[in-house]
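To start, the structure itself, in structure tokens.
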Amino acid sequence: MKRNINYKLILLLIVPYLASEIINRLMGYGISLNSSLLLTISSILLSLWTFSSVVLWFWVGRQFGSLTIEKIKSFILGNVIWAISLALYIWQFIFVDDINRNFFVAGISQHYVLGFVSWGSKAVSLFTNTIDGTVVVIVAYLMMFIVFTVGFITSLTFKIERKLY
């Protein structure tokens, strides 16, 4: 029996975490080694990731929208890691005190959305003068969801238009 899900697409769901982990480690090594080269490289990579993450996530949404399985299942599958990461973030940064926070779990949940944090901070700064990091990350998660959803919907819309002609 042939499977309808391309498992390479599922691997794409962890790309935001992996890219952010690499950038974070480079920055951490740059700080600990006092290396301006590593800090410059990580800064450049962060800037590139900020712009390319939106394009990548839109494309991933389009890819999941074009799967030949039920669309609701495809949408949920495409957002399952996002939802788990958001739940972990809310758990660690809203419901757990700073002293009891698990740094590994908190780090994973923050890394996943790193490409959208800059956009999230710009959006929050439109509405307030004080920027709370927790609010910025939650807004970044919402922006990530919106970009995926727009990509998903445009994939469906183009399929409908192609069928009409």
Side-chain angles (χ1 to χ4, degrees), residues 5-65 74-152:
I5 299 173
N6 187 349
Y7 289 100
K8 292 177 186 176
L9 289 178
I10 295 173
L11 292 176
L12 282 175
L13 296 178
I14 63 170
V15 167
Y17 172 75
L18 294 176
S20 300
E21 183 67 32
I22 291 168
I23 292 168
N24 187 44
R25 286 190 188 252
L26 275 174
M27 195 169 291
Y29 292 145
I31 291 170
S32 65
L33 298 173
N34 198 19
S35 170
S36 62
L37 176 65
L38 288 177
L39 287 172
T40 303
I41 290 170
S42 63
S43 177
I44 291 169
L45 288 175
L46 180 60
S47 297
L48 290 172
W49 180 236
T50 298
F51 290 103
S52 63
S53 63
V54 175
V55 174
L56 172 77
W57 209 239
F58 177 82
W59 180 76
V60 170
R62 285 188 54 84
Q63 297 305 306
F64 275 90
S74 177
F75 187 78
I76 291 171
L77 180 64
N79 284 299
V80 70
I81 295 177
W82 173 89
I84 291 170
S85 184
L86 176 62
L88 290 175
Y89 183 82
I90 290 171
W91 170 46
Q92 287 296 307
F93 287 92
I94 294 178
F95 295 119
V96 176
D97 294 336
D98 293 342
I99 297 170
N100 299 322
R101 188 169 295 147
N102 182 327
F103 290 109
F104 177 73
V105 174
I108 288 173
S109 63
Q110 286 180 326
H111 289 308
Y112 195 72
V113 74
L114 180 65
F116 287 84
V117 169
S118 177
W119 303 113
S121 65
K122 288 177 174 130
V124 169
S125 69
L126 292 174
F127 300 103
T128 183
N129 292 333
T130 58
I131 296 179
D132 180 19
T134 305
V135 173
V136 167
V137 173
I138 290 173
V139 168
Y141 268 106
L142 292 174
M143 290 178 142
M144 192 174 188
F145 181 76
I146 290 168
V147 168
F148 181 91
T149 303
V150 169
F152 189 88

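The figures here come from the full heavy-atom set of this structure, side chains too, leaving out hydrogens, waters and symmetry mates.
- Judged by distance alone, with hydrogens and angles left aside, the side-chain atoms of S32 form a donor-acceptor pair with the main-chain N or O of Y29 at under 3.5 Å.
- A 4.5 Å side-chain heavy-atom check between I94 and I138 finds at least one atom pair inside the cut-off.
- In this structure, the side chains of W59 and L12 come closer than 4.5 Å at one or more pairs of heavy atoms.
- In this structure, the ring of F145 has its center less than 6.0 angstrom from the ring center of F75.
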Would Y141 and S109 count as a side chain to side chain contact (heavy atoms under 4.5 Å, CB included) if you check the C-alpha gap in whole Å, the side-chain angles of each, and the deciding distance to 0.1 Å? CA-CA 10 Å; Y141 268 106; S109 63; 4.0 Å; yes
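- Environment of CG in N100: crowded, with over 12 heavy atoms of neighbouring residues, nucleotides or ligands closer than 6.0 Å.
- Side-chain contact check for Y112 versus S20: every heavy-atom pair is 4.5 Å or farther apart.
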Derivation of the side chain to side chain contact (heavy atoms under 4.5 Å, CB included) call for N24 and L114: CA-CA 9 Å; N24 187 44; L114 180 65; 5.7 Å; no
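- Considering all non-hydrogen atoms of both residues, V139 and V124 come closest at CG2-CG2, 3.8 Å.
- Here the closest heavy-atom approach between residue A123 and residue M143 is recorded as CB-CE, 3.6 Å.
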Trace of the side chain to side chain contact (heavy atoms under 4.5 Å, CB included) decision for W91 with L88: CA-CA 5 Å; W91 170 46; L88 290 175; 3.8 Å; yes
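- The OG atom of S121 sits 12.5 Å away from the CG atom of D132 when rounded to the nearest 0.5 Å.
- Between R101 and D98 the shortest side-chain heavy-atom distance falls below 4.5 Å.
- Looking only at side-chain heavy atoms (C-beta outward), F152 and S74 come within less than 4.5 Å of each other.
- Other residues, nucleotides and ligands contribute at most 12 non-hydrogen atoms within 6.0 Å of the CD1 atom of I99.
- Considering CD1 of I23 and CD1 of I44, their distance stands at 11.5 Å, rounded to 0.5 Å.
- In this structure, the side chains of F93 and V137 stay at 4.5 Å or more apart for every pair of heavy atoms.
- Atom CE of residue M144 and atom OG1 of residue T149 lie 11.5 Å apart, to the nearest 0.5 angstrom.
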Would I81 and Y17 satisfy side chain to side chain contact (heavy atoms under 4.5 Å, CB included), going step by step from the backbone distance to the final call? CA-CA 10 Å; I81 295 177; Y17 172 75; over 6 Å; no
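- Side-chain atoms of L13 and W57, non-hydrogen and from C-beta on, do get closer than 4.5 Å to each other.
- Using a 4.5 Å heavy-atom cutoff, the side chains of L39 and I31 are in contact.
- A donor-acceptor pair is defined here as one N or O able to donate and one able to accept, closer than 3.5 Å; such a pair exists between the side chain of T50 and the backbone of L46.
- N79 CG to F148 CZ: the interatomic distance, rounded to the nearest 0.5 Å, is 4.5 Å.
- Distance check, rounded to the nearest 0.5 Å: CD1 of I108 to CD1 of I84 gives 11.0 Å.
- Judged purely by atom type and a 3.5 angstrom limit, S43 has no side-chain atom pairing as donor or acceptor with the backbone of T40.
- For the side chain to side chain contact (heavy atoms under 4.5 Å, CB included) test with L38, the passing option among S36, S35, S42 is S35; the others fail.
- To the nearest 0.5 Å, atoms CZ (R25) and NE2 (H111) are separated by 7.5 Å.
- Looking at every heavy atom in both residues, T128 comes nearest to T130 through CG2-O, 3.0 Å.
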